[in-house]
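Side chains included, hydrogens not; waters and symmetry mates left out as well; all remaining heavy atoms used. Sequential numbering from 1 along the given sequence is applied to the chain's residues.
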Amino acid sequence: MTVAPIDLEPDCTNCAALCCVVFAFDKSESFGLDKAAGEECPNLKADNACKIFEERVERGFPGCVSYTCFGAGQRVTQEVFGGGSWREEPALKAQMGAALSVLRRIHEQLVLLKAARELPLTSEHSTQIQSYEAMLCTNDTWTEETLSRFPIDKVAGDIRNWMKQLRGLVS
């Protein structure tokens, strides 16, 4: 079974600034302030752009530069919520956050599998990767319900354990 490729590159213009709202962060070398989960970052503008985008590192936010949703943010916004946003419907904030938390981890697993494809794999390894990709890239569109039911902890654990056998292929 061939799985259609998923775009794993973030497209912030098609996202509802979910990473700037959903996740908590503590004041540290990565973030210049404490922010609770579900709270808007004070650097977030009404148009979902960052007030300090060009100066994030200098202003104490290198964590914002290094973070990636692997394209899950725009998928949650556009596919799962049909372009809807927590800005127009504040009740969506928690729902969008829950969906992002799962879909980002799904995309993270796809990134790992994509990297594994660069190794000198046996046909058995390639078949296993295809199996995992098929599980992570259902032909159906993700919904809140399917994401909430998806066993991401188990699947990520299975992939992690399986990938340990690839260690000998890394030079």
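Residues L121 and L169 are in side-chain contact: their nearest non-hydrogen atoms beyond the backbone lie under 4.5 Å apart. Inter-residue side-chain proximity for W162 and Q128 is flagged as met; some heavy-atom pair is nearer than 4.5 Å. Here the side chains of T143 and T141 are not in contact, with every heavy-atom distance at 4.5 Å or above. Annotation: side chain of R117 is not in contact with side chain of L113 (no heavy-atom distance under 4.5 Å). Residues E89 and M96 fail the side-chain proximity criterion, which asks for heavy atoms closer than 4.5 Å. No side-chain heavy atom of W142 sits less than 4.5 Å from a side-chain heavy atom of V76. Between L110 and C137, some side-chain heavy-atom pair lies under the 4.5 Å cut-off. Counting only heavy atoms from C-beta outward, the side chains of L147 and I106 approach each other to under 4.5 Å.
Connection of L136 to M163 is established within a shared hydrophobic cluster, with ILVMFWY side chains joined at heavy-atom distances below 4.5 Å, either directly or through further cluster members. Linking ILVMFWY side-chain heavy atoms closer than 4.5 Å, directly or via other members, places Y67 and V102 in a single hydrophobic cluster. Linking ILVMFWY side-chain heavy atoms closer than 4.5 Å, directly or via other members, places Y132 and F70 in a single hydrophobic cluster. Side-chain heavy atoms closer than 4.5 Å link hydrophobic residues (I, L, V, M, F, W, Y) into clusters, and following such links, possibly through other members, connects V111 to L166.
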If you apply the rule side chain to side chain contact (heavy atoms under 4.5 Å, CB included), what do you find for R105 with D153, and how did you get there?
CA-CA 9 Å; R105 290 187 63 203; D153 290 333; 2.6 Å; yes
R59/N43 under side-chain hydrogen bond (donor to acceptor under 3.5 Å, both in side chains): CA gap, chis, key distance, verdict
CA-CA 11 Å; R59 296 274 198 102; N43 297 316; 5.2 Å; no
With side chain to side chain contact (heavy atoms under 4.5 Å, CB included) as the criterion, how do F150 and L103 come out once you've worked through the C-alpha distance, each side chain's angles and the decisive distance to 0.1 Å?
CA-CA 9 Å; F150 189 77; L103 193 56; over 6 Å; no
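In K164, the NZ atom is crowded: over 12 heavy atoms of neighbouring residues, nucleotides or ligands sit closer than 6.0 Å. In the displayed structure, F53 atom CZ is contacted under 6.0 Å by at most 12 heavy atoms of other residues, nucleotides or ligands. E29 CD: 12 or fewer foreign heavy atoms inside a 6.0 Å radius. Heavy-atom contacts from other residues, nucleotides or ligands closer than 6.0 Å to CD of E124 number 12 or fewer.
Here E144 contributes atom CD and L92 contributes atom CG; the two are 7.5 Å apart, rounded to the nearest 0.5 Å. The distance from the CG atom of N14 to the CG atom of N48 is 11.0 Å, given to the nearest 0.5 Å. In this structure, C50 SG and F61 CZ are separated by 8.0 Å, a value rounded to the nearest 0.5 Å. The distance from atom CG of D158 to atom OG of S131, rounded to the nearest 0.5 Å, is 10.0 Å. T122 contributes atom OG1, which lies 8.0 Å from atom CD of Q165 (distance to the nearest 0.5 angstrom). Here CD of Q95 is found 13.5 Å from CG of L100. Values are rounded to the nearest 0.5 Å.
Using a cutoff of 4.0 Å between basic side-chain nitrogens and carboxylate oxygens, E79 and R75 are scored as salt-bridged.
At distances below 3.5 Å, at least one donor-acceptor pair connects side-chain atoms of K93 with backbone N or O atoms of G38. T77 places a side-chain N or O within donor-acceptor distance of the main-chain N or O of A16, the cut-off being under 3.5 Å. Side chain of S28 to backbone of D26: a donor-acceptor contact under 3.5 angstrom is found. Judged purely by atom type and a 3.5 angstrom limit, Q74 uses its side chain to pair as donor or acceptor with the backbone of E9.
Between I129 and A116, the closest heavy-atom pair is CD1-CB, 3.9 Å. Between L44 and A17 the shortest heavy-atom distance is CD1-CB, 3.7 Å. Listed here is the closest heavy atom pair of T13 and D11: OG1-OD1, 2.5 Å. Closest heavy-atom contact between V80 and A99: CG1-CB, 4.5 Å. When every heavy atom of V22 is checked against every heavy atom of G97, the shortest pair comes out as CG2-CA, 3.5 Å. Residues P42 and L33 come closest through the heavy atom pair CG-CD2, 3.6 Å.
Screening R87, K45, K35 for a salt bridge (charged side-chain N to carboxylate O under 4.0 Å, His left out) with E40, the sole residue that qualifies is R87.
In this structure, F25 and F31 have parallel ring planes: the angle between them is below the 30° cut-off, well short of the 60° mark.
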